[in-house]
Amino acid sequence: HRPELLILDEPTTGVDAVSRKEFWELLNKMKQSGITILVSTPYMDEASLCDRVALMQNGKLLAVDTPQSITESYKGQLYGIKTNKPHSLVNDLEQAPEASQVYRFGDRVHVTLKDQNEAGFIKTISQALEAKGHSAIQINRQKPVIEDCFLALMDKSRTG
């Protein structure tokens, strides 16, 4: 059997990491043989493996483009922040007037600035976090990935 179109609905949900990798390698081989593949997935790292991505929330289309174009369209400066107090970090950063969007991302918290004053932000946020008992503060500029873009688009669709 060799279909022209293969439609898969969350095919790797609940699958271990090694099997997920092997599955996507198989899909890539199928794509190279000329099969068109349509995949729905909650995993943003999988979405970045596709030729085109449609980001949706609650039945509403937020964006359709290549993964690269979606990440290049990210508005603002994105930072990854890590401290010795990861449990209170999100709440403390949400109180910073310079931050427009704050969310956990792996072992860091991602923050998008309201304005573009990078030097002022790093100094101000470091001082504010130190005042709240944080130490070992790491603030690094981050290159957005599809998940960052999806969260920004969701936030934009909620606020208008």
Please list, chain by chain and in numerical order, all residues satisfying salt bridge (charged side-chain N to carboxylate O under 4.0 Å, His left out) with Lys31, sequence neighbours excluded. Asp51
Please test Val102 against His110 for side-chain contact (heavy atoms from CB on, under 4.5 Å), starting from the C-alpha separation and ending with a verdict. CA-CA 6 Å; Val102 178; His110 278 191; over 6 Å; no
State, with a plain yes or no, whether a side-chain heavy atom of Asp65 is found less than 4.5 Å away from one of Arg52. yes
Start with the C-alpha distance between Thr83 and Gln138, add both sets of side-chain angles, then the distance that settles side-chain contact (heavy atoms from CB on, under 4.5 Å), and finish with yes or no. CA-CA 6 Å; Thr83 74; Gln138 298 174 21; over 6 Å; no
Minimal heavy-atom distance between Ile137 and Ser126, with the atoms involved, is CD1-O, 3.7 Å
So Val111 and Leu78, do their side chains get closer than 4.5 Å, heavy atoms only? no
All heavy atoms of Ala54 vs all of Leu61, minimum pair found to be CB-CD1, 3.8 Å
Would you say Val53 and Thr66 make side-chain contact, with heavy atoms under 4.5 Å? no
side-chain contact (heavy atoms from CB on, under 4.5 Å) for Gln57 and Met154? Distances and angles first, verdict last. CA-CA 7 Å; Gln57 179 67 17; Met154 279 182 34; 3.7 Å; yes
Is there a chain of hydrophobic side chains (I, L, V, M, F, W, Y, each step under 4.5 Å between heavy atoms) that links Leu153 to Leu151? no
For Val18, is there any backbone N or O sitting under 3.5 Å from a side-chain donor or acceptor partner on Asp16? yes
For Asp107, the side chain to side chain donor-acceptor pair (under 3.5 Å) test, sequence neighbours excluded, returns Lys82
Do the side chains of Pro144 and Glu72 get nearer than 4.5 Å, heavy atoms only? no
How many angstroms lie between CD1 in Ile70 and SG in Cys149, if you round to the nearest 0.5 Å? 7.0 Å
Expected output: side-chain Ser19 to main-chain Val15 donor-acceptor under 3.5 Å: no
Can you see whether Thr112 engages Tyr74 through a side-chain donor-acceptor pair at a distance of less than 3.5 angstrom? yes
Starting at CD1 of Ile139, measure out to CD1 of Ile81 and round the result to the nearest 0.5 Å. 4.5 Å
Where do Leu113 and Ser100 come nearest, in terms of heavy atoms and distance? O-OG, 3.7 Å
Are Lys85 and Ser88 close enough that some pair of their side-chain heavy atoms sits under 4.5 Å apart? yes
Under 6.0 Å from the CD atom of Gln68, do we count more than 12 heavy atoms belonging to anything else shown? no
Salt-bridged, Glu25 to Lys21, with N to O below 4.0 Å? yes
When you compare the side chain of Val145 with that of Met44, does any pair of heavy atoms fall below 4.5 Å? no
Contacts of type side chain to side chain donor-acceptor pair (under 3.5 Å), residue Gln101, not counting sequence neighbours: none
Output the distance between atom CD (Glu130) and atom CD1 (Ile125), rounded to the nearest 0.5 Å. 11.0 Å
Give the intermediate values and the outcome of side-chain hydrogen bond (donor to acceptor under 3.5 Å, both in side chains) for residues Glu46 and Thr41. CA-CA 7 Å; Glu46 290 184 352; Thr41 180; 2.7 Å; yes
Flag side-chain contact, heavy atom, 4.5 Å: Thr71 against Ile146: yes
Non-neighbouring partners of Tyr79 that pass ring-ring contact (aromatic ring centres under 6.0 Å, His included), sequence neighbours left out: Phe121
Got a donor-acceptor contact below 3.5 angstrom from the Arg108 side chain to the Asn140 backbone? no
Which ILVMFWY residues are connected to Ile35, directly or by a chain of links, through side-chain heavy atoms under 4.5 Å apart? Leu6, Leu8, Phe23, Trp24, Leu26, Leu27, Met30, Ile37, Val39, Leu49
Test item: Glu10 and Tyr43 side chains (from C-beta on) under 4.5 Å apart, heavy atoms: no
Sequence neighbours left out, what passes side chain to side chain donor-acceptor pair (under 3.5 Å) with Glu4? Give chain and number order. none
If hydrophobic clusters are built from ILVMFWY residues whose side chains come within less than 4.5 Å, do Ile122 and Leu89 share one? yes
Indicate whether any N or O donor in one side chain lies under 3.5 Å from an N or O acceptor in the other, for Ser48 and Asp45. no
Run Ser40 and Met56 through side-chain contact (heavy atoms from CB on, under 4.5 Å) and show every step you take. CA-CA 10 Å; Ser40 70; Met56 297 181 73; over 6 Å; no
